[in-house]
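Some notes on the structure that comes next.
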Amino acid sequence: MTTAIGAIAPVIKREGAELEATALAKLVHLRVERSAGLTGRATMRFVDNGYTLSAGDIFALGKKIDITVPDGGSLLSGTVTGINLEQRS
């Protein structure tokens, strides 16, 4: 049995709207951490050649982010609290 990746891939929303296809195409890693009694967190990593994502305000501090599963269950709802930019030579 094979499953299409779209059937299991989480849905990422920013300020209530689904993340644009150009940003999703650059997403290479998504990790959601949740624990009883602790604040949840999500880490998203993007390949950002030309710095188009990091130069914009798509993930500006304070932006609302929702990550859900395709059937509508919530994995995380929160705000952007930190940004890190790594440059490799």
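Computed from a predicted model, the values in this text were never measured in an experiment.
For Lys13, there are no salt bridge (Lys or Arg N to Asp or Glu O under 4.0 Å) partners, not counting sequence neighbours. In this view, Ser77 and Lys64, Asp66 satisfy the side-chain hydrogen bond (donor to acceptor under 3.5 Å, both in side chains) rule, not counting sequence neighbours.
Under the 4.5 Å side-chain criterion, counting only non-hydrogen atoms from C-beta, Leu85 is in contact with Ser54.
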Donor-acceptor list for residues 18-46 side chains, cut-off 3.5 Å, not counting sequence neighbours:
from	atom 1	to	atom 2	distance (Å)
Lys26	NZ	Thr52	OG1	2.4
Arg34	NH1	Ser74	O	3.3
Arg34	NH1	Leu75	O	3.2

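The heavy-atom pair separating Ala9 from Pro70 by the smallest distance is O-CG, 3.3 Å. Between Val80 and Ala60, the shortest heavy-atom distance links the atoms CB-O, 3.5 Å.
Note that CG of Asp48 and CG of Leu53 are 4.5 Å apart. Values are rounded to the nearest 0.5 Å. Distance CG/Leu61 to CD1/Ile83: 4.5 Å, rounded to 0.5 Å. Atoms CZ and CD1, from Arg14 and Ile67 in turn, are 14.0 Å apart once rounded to the nearest 0.5 Å.
Val11 and Val69 fall into different hydrophobic clusters, where Ile, Leu, Val, Met, Phe, Trp and Tyr side chains are chained together by heavy-atom contacts under 4.5 Å.
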